[in-house]
Amino acid sequence: GMPPVDARRCWMCMLSVFTFPLTCGFVGQHKRQMTLLVDEVALLEGAVFSAHWDRYFLLFQLHLAWIVVSYVLWRQIEA
């Protein structure tokens, strides 16, 4: 057997990697919907939309941080 703490670290690493395509899909879906809903006239007039700091971008960054932290914790198991 594996100690429970090590098992949790392994599962956290696996879940973070396997759910990453879902996060990318959600972000892509949101970006597609936003470009379909944006008024073309407003774009031609020079309206600026804050697409970089929306909640899905933040979700994506948090998921990447989860992957990195999981990997670092997983590497500590081997040490």
Side-chain angles (χ1 to χ4, degrees):
M2 179 183 285
V5 174
D6 293 344
R8 277 192 296 264
R9 289 179 182 173
C10 289
W11 275 108
M12 188 170 76
C13 191
M14 286 189 294
L15 286 175
S16 69
V17 172
F18 287 135
T19 57
F20 185 68
L22 295 174
T23 303
C24 290
F26 289 139
V27 170
Q29 178 184 7
H30 172 70
K31 298 295 182 187
R32 280 190 304 274
Q33 288 175 351
M34 289 306 295
T35 56
L36 291 175
L37 297 177
V38 170
D39 188 17
E40 294 177 6
V41 175
L43 286 175
L44 292 174
E45 293 174 354
V48 179
F49 296 97
S50 61
H52 293 299
W53 291 106
D54 58 2
R55 62 181 177 220
Y56 291 100
F57 179 77
L58 181 63
L59 176 70
F60 183 76
Q61 295 299 319
L62 288 174
H63 197 115
L64 288 177
W66 181 31
I67 290 173
V68 170
V69 168
S70 297
Y71 179 74
V72 168
L73 290 175
W74 180 57
R75 293 294 293 178
Q76 287 180 352
I77 293 172
E78 295 179 355

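This one's a predicted model, so the numbers in the text were calculated from it and none came from an experiment. Below, all heavy atoms of this structure are taken into account, side chains as well, without hydrogens, waters or symmetry copies.
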Y56 versus V27, closest heavy-atom pair with distance: O-CG2, 3.4 Å

For the residue pair V72 and R75, establish whether any side-chain heavy-atom pair is separated by less than 4.5 Å. no

For the student: nearest non-hydrogen atoms of L73 and R9, plus distance: O-CD, 3.6 Å

Between the CG atom in L59 and the CZ atom in F26, the distance rounded to the nearest 0.5 Å is 8.5 Å

Nearest heavy-atom neighbours spanning C24 and F60: SG-CE1, 3.7 Å

Do W66 and L62 land in one hydrophobic cluster if side-chain heavy atoms of ILVMFWY residues count as linked below 4.5 Å? no

For the atom pair OG1 (T23) and CD (Q61), what is the distance rounded to the nearest 0.5 Å? 11.5 Å

Of all heavy-atom pairs between H63 and S16, which one has the smallest distance, and what is that distance? NE2-O, 2.8 Å

Greater than 12 external heavy atoms within 6.0 Å of W74's CH2: no

Identify the two heavy atoms, one from C10 and one from I77, that lie closest to each other, and give their separation to 0.1 Å. SG-CD1, 4.0 Å

